[in-house]
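Worksheet: the structure to be examined is printed underneath.
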Amino acid sequence: MATPSIKHETFKDDRHKGDVRIANMNAAKAVADAIRTSLGPRGMDKMVCAANGEVTITNDGATILKTMEVLSPAAKMLVELSKSQDINAGDGTTSVTVLAGALLNKCMQLNDKGVHPTVISDAMDVACQKACVILTSLATPIDLNDRDSLIKSAATSLSSKVVSQHASLLAPMAVDCVLKVSEDCKKAESPSQMTAGSSASGKRVDLTNVRIVKKLGGTIDDTEMIQGLVFDQKASNSSGGLTKIAGAKIALIQFCLSPPKTDLENTVMVANYEGMDRVIREERNYILTMVKKIKASGCNVLLIQKSILRDAVTDLSSHYLAKAKIMVVRDVERDDIDFITKTLNCLPIAHIDNMRQEKFGHADLVEECSLSGGKIVKITGIQNIGRTATVLVRGSNKLVLEEADRSLHDALCVVRCLLQQPYLIAGGGAPEMELSRQLQAWARTCVGMESYCVRAFAEALEVIPYTLAENAGLNPIEIVTELRNHHANGNQHHGINVRKGTVTNILDENVVQPLQVSTSAMTLATECVRMILKIDDIVMTR
């Protein structure tokens with residue numbers, strides 16, 4: 001009897017899908033390996049050279065990847081991963097990329113052994129959730145009134161930066177800024193139950209309320225937190241204008257103190273000198289009328305928004321304002337308007353007829369100050385000052401100044417994480433090694449392929465202490481073996497002390513970091529790896 005033919009059973013070659021997956025993983029791993037040497041306090045810096053000749057020296061993972069020219073679509077996902085970590089936690093941008101690279105390496109090994117990508121992906125998700133639970137159990141709650149704990153965490157963030165020797169100055173400054181701009185919000189019952197608009201501590205921080213003003217000249221030691229406002233340009237004194245006003249009544253105007261211009265298509269024809277004199281006379285009267293209205297309103301300091309259509313202030317209007325004893329600060333950027341109004345507790349004025357006292361800000365002193373790199377305008381003693389903070393960052397050259405700005409931003413983000421989720425964990429590779437130990441023990445209780453995948457996830461976490469030891473010039477195999485032995489004996493908080501070149505209790509060395517930085521890095525890295533793992537083809541479109 002003839003056997004019936006089975007329809008639709010034809011051989012399909014799946015090698016192409018495997019090749020695409022391997023190519024994506026290799027491209028993403030190459031990006032992770034490129035910045036791996038920047039991890040930790042002894043990590044190397046990268047010099048990024050742009051096509052226009054601009055040079056950036058940094059070891060901040062997000063900055064390196066953002067300026068790097070990446071062609072592979074899969075590698076670009078790691079760039080976005082670092083950017084997400086920067087937005088979410090502010091620190092750990094290098095760690096999250098290195099961790100993703102290690103996870104991808106383990107995924108490739110499992111894939112080569114015949115484990116299906118979907119099985120690996122689901123097991124990675126389960127392992128990540130378990131890791132976050134373990135991390136939370138390792139964390140120590142802190143009192144937000146304990147300023148020293150916040151400073152220690154900010155100093156740990158700064159320890160791997162170019163400006164690490166100035167951590168004693170920048171760390172307290174970052175803490176003071178964040179505490180000043182923090183606001184009360186709804187309090188979540190636990191870190192896992194946080195929703196939009198709530199936090200575990202009942203505090204919320206918006207870092208747009210912290211303004212960092214960079215001024216070339218001096219050294220980083222000259223960096224200071226200003227109790228008020230700072231503009232990095234000088235006052236408009238071309239016509240003998242004032243440079244110091246006490247008892248200031250400040251108006252922020254969004255209109256121009258210059259003669260109106262016609263539309264681009266129109267032309268004004270002047271036939272004789274009398275017509276020209278009449279035009280000049282009308283312009284003079286127009287400006288004089290505006291200055292008289294400003295003077296009558298009681299304003300004595302004008303902040304004028306930058307205009308792209310015409311000159312915000314002309315020489316003639318500057319002359320009249322100087323005679324009226326009104327100080328002028330011109331070319332205020334549009335992006336700074338919200339911050340200025342919040343700080344001065346004033347309202348922007350869009351038309352000359354709206355110049356009223358209730359829209360003004362009030363301050364004890366507005367003065368132009370001379371610095372080694374130029375001049376600034378400082379407003380101090382502001383009445384009813386808003387919840388904002390201003391930091392004036394100084395640097396001897398542009399490279400140092402830019403890196404100080406980035407480092408201070410990372411420190412601000414770390415303190416913000418602590419205010420939103422007030423839990424600290426040890427640094428120095430201690431939480432990763434403890435996670436690896438506990439996850440490997442948990443993997444023995446799992447069944448099937450999930451057990452192998454969880455064990456691979458646990459082994460991948462050891463890349464953080466291994467890289468820290470490697471970048472510090474230590475023997476990574478010896479140090480990681482010693483660290484694994486300490487954790488097996490129950491020393492949960494032992495980590496790599498790169499300064500002493502040995503394994504010590506890292507909490508005694510004040511090397512701490514927020515819980516949110518580690519949980520965010522773990523979650524985001526796993527999500528990115530799962531996404532890359534599930535791609536089996538690349539479709540090109542026009």
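It should be emphasised that the depicted structure is a prediction, and the values quoted were computed from it without experimental measurement.
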Show your reasoning for whether side chain to side chain contact (heavy atoms under 4.5 Å, CB included) applies to Tyr423 and Ile142.
CA-CA 6 Å; Tyr423 293 89; Ile142 63 164; over 6 Å; no
Test side-chain hydrogen bond (donor to acceptor under 3.5 Å, both in side chains) on Asn105 and Lys29; report intermediate values, then the result.
CA-CA 7 Å; Asn105 191 36; Lys29 274 177 57 188; 3.3 Å; yes
Between Thr56 and Glu402, is a side-chain hydrogen bond (donor to acceptor under 3.5 Å, both in side chains) present by the stated rule, with each step listed?
CA-CA 8 Å; Thr56 304; Glu402 294 289 344; over 6 Å; no
Test Glu403 against Ile57 for side chain to side chain contact (heavy atoms under 4.5 Å, CB included), laying out the working first.
CA-CA 7 Å; Glu403 185 62 14; Ile57 297 176; over 6 Å; no
Assess whether side chain to side chain contact (heavy atoms under 4.5 Å, CB included) is satisfied between Asp86 and His409, documenting all intermediate values.
CA-CA 10 Å; Asp86 194 34; His409 174 264; 4.2 Å; yes
Before you tell me yes or no, could you show the steps for Glu527 and Arg530 under salt bridge (charged side-chain N to carboxylate O under 4.0 Å, His left out), namely the whole-Å CA-CA distance, both residues' side-chain angles and the distance that decides it to 0.1 Å?
CA-CA 5 Å; Glu527 285 177 1; Arg530 291 181 68 205; over 6 Å; no
Ile532 vs Met77, test: side chain to side chain contact (heavy atoms under 4.5 Å, CB included). Steps then yes/no.
CA-CA 8 Å; Ile532 294 173; Met77 293 172 70; 3.8 Å; yes
Do Asn209 and Thr388 pass the side-chain hydrogen bond (donor to acceptor under 3.5 Å, both in side chains) test, and can you show the C-alpha distance, the side-chain angles, and the key distance before you say yes or no?
CA-CA 5 Å; Asn209 292 333; Thr388 60; over 6 Å; no
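Salt bridge annotation for Arg394-Asp221: absent, with no cationic side-chain nitrogen under 4.0 angstrom from a carboxylate oxygen. Under the 4.0 Å criterion applied to side-chain N and carboxylate O atoms, Lys214 and Asp232 are not assigned as salt-bridge partners. By the 4.0 Å N-to-carboxylate-O rule, Asp60 lies close enough to Lys161 to be salt-bridged with it. For the pair Glu459 and Lys106, the salt-bridge criterion is met [side-chain N within less than 4.0 Å of a carboxylate O]. Look at Arg499 and Glu509 and you find no salt bridge, because none of the NZ, NE, NH1 or NH2 atoms lies under 4.0 Å from a carboxylate O.
Distance check: Met47 CE to Ile64 CD1 gives 12.5 Å after rounding to the nearest 0.5 Å. Considering CG of Leu138 and CG of Leu515, their distance stands at 9.0 Å, rounded to 0.5 Å. With rounding to the nearest 0.5 Å, the separation of CG in Leu408 from CD1 in Ile220 is 10.5 Å. Once rounded to the nearest 0.5 Å, the distance linking CG of Asp45 with OG1 of Thr37 reads 9.5 Å. Taking CD1 of Ile134 as the reference point, atom CZ of Arg437 lies at 9.0 Å (rounded to 0.5 Å). With rounding to the nearest 0.5 Å, the separation of CD in Glu432 from NE2 in His487 is 9.5 Å.
For the pair Val400/Val162, no side-chain contact is recorded, criterion being any heavy-atom separation below 4.5 Å from C-beta on. Side chains of Leu229 and Leu344 form a contact here, defined as non-hydrogen atoms less than 4.5 Å apart. Contact check for Phe457 versus Lys130: no side-chain heavy atoms found under the 4.5 Å cut-off. Here the side chains of Cys107 and Met25 are in contact, with some heavy-atom distance below 4.5 Å. Counting heavy atoms from C-beta on, the side chains of Thr390 and Ile212 never come closer than 4.5 Å. Between Leu207 and Arg416 there is a side-chain heavy-atom pair separated by less than 4.5 Å. At least one side-chain heavy atom of Pro514 sits less than 4.5 Å from a side-chain heavy atom of Ser153. Looking at heavy atoms from C-beta onward, Val213 lies out of side-chain contact with Val391 at the 4.5 angstrom threshold.
Gly101 and Ala32 make their closest contact through CA-CB, 3.7 Å (heavy atoms, listed as atom of the first residue, atom of the second, distance). Across Cys453 and Val115, no two heavy atoms sit closer than the pair SG-CG1, 4.2 Å. The shortest heavy-atom contact between Gly427 and Ile506 is O-CG2, 3.5 Å. Residues Ile496 and Pro465 come closest through the heavy atom pair CD1-O, 3.1 Å. Across every non-hydrogen atom of Met124 and Leu103, the tightest pair is SD-CD2, 4.1 Å. Across all non-hydrogen atoms, the minimal contact from Ala75 to Val70 is CB-CG1, 3.3 Å.
Side chain of Ser159 to backbone of Thr156: a donor-acceptor contact under 3.5 angstrom is found. Not one N or O on the side chain of Ser82 forms a donor-acceptor pair closer than 3.5 Å with the backbone of Val79. His493 places no side-chain N or O within donor-acceptor distance of the main-chain N or O of Ala430, the cut-off being under 3.5 Å. Checked by atom type and distance alone, the side chain of Asn24 never pairs as donor or acceptor with a backbone atom of Arg21 at under 3.5 Å. A donor-acceptor distance shorter than 3.5 angstrom exists from the side chain of Ser182 to the backbone of Leu179, with no hydrogens or angles considered. Distance alone, capped at 3.5 Å, places no donor-acceptor pair between the Ser451 side chain and the Gly448 backbone. Side-chain N or O atoms of Ser160 include none that pairs as donor or acceptor with a backbone N or O of Pro41 at under 3.5 Å. A donor-acceptor contact shorter than 3.5 Å links the side chain of Thr136 to the backbone of Cys132. Using a distance-only test at 3.5 Å, with no hydrogens or angles considered, no donor-acceptor pair links the side chain of Arg36 to the main chain of Thr97. Counting only distance, with no hydrogens or angles, the side chain of Asp405 and the backbone of Leu401 share no donor-acceptor pair below 3.5 Å.
A cation-pi arrangement is absent between Arg444 and Tyr452, since the terminal nitrogen or guanidinium carbon is not both under 6.0 Å from the aromatic centre and inside a 45° cone about the axis.
Under the side chain to side chain contact (heavy atoms under 4.5 Å, CB included) test applied with Leu99, the options Leu39, Leu104, Leu524, Leu461 reduce to a single match, Leu461.
Between the side chains of Asn88 and Ser520, at least one donor-acceptor pair of N or O atoms lies under 3.5 Å.
Around NZ of Lys180, the count of heavy atoms belonging to other residues, nucleotides or ligands within 6.0 Å exceeds 12.
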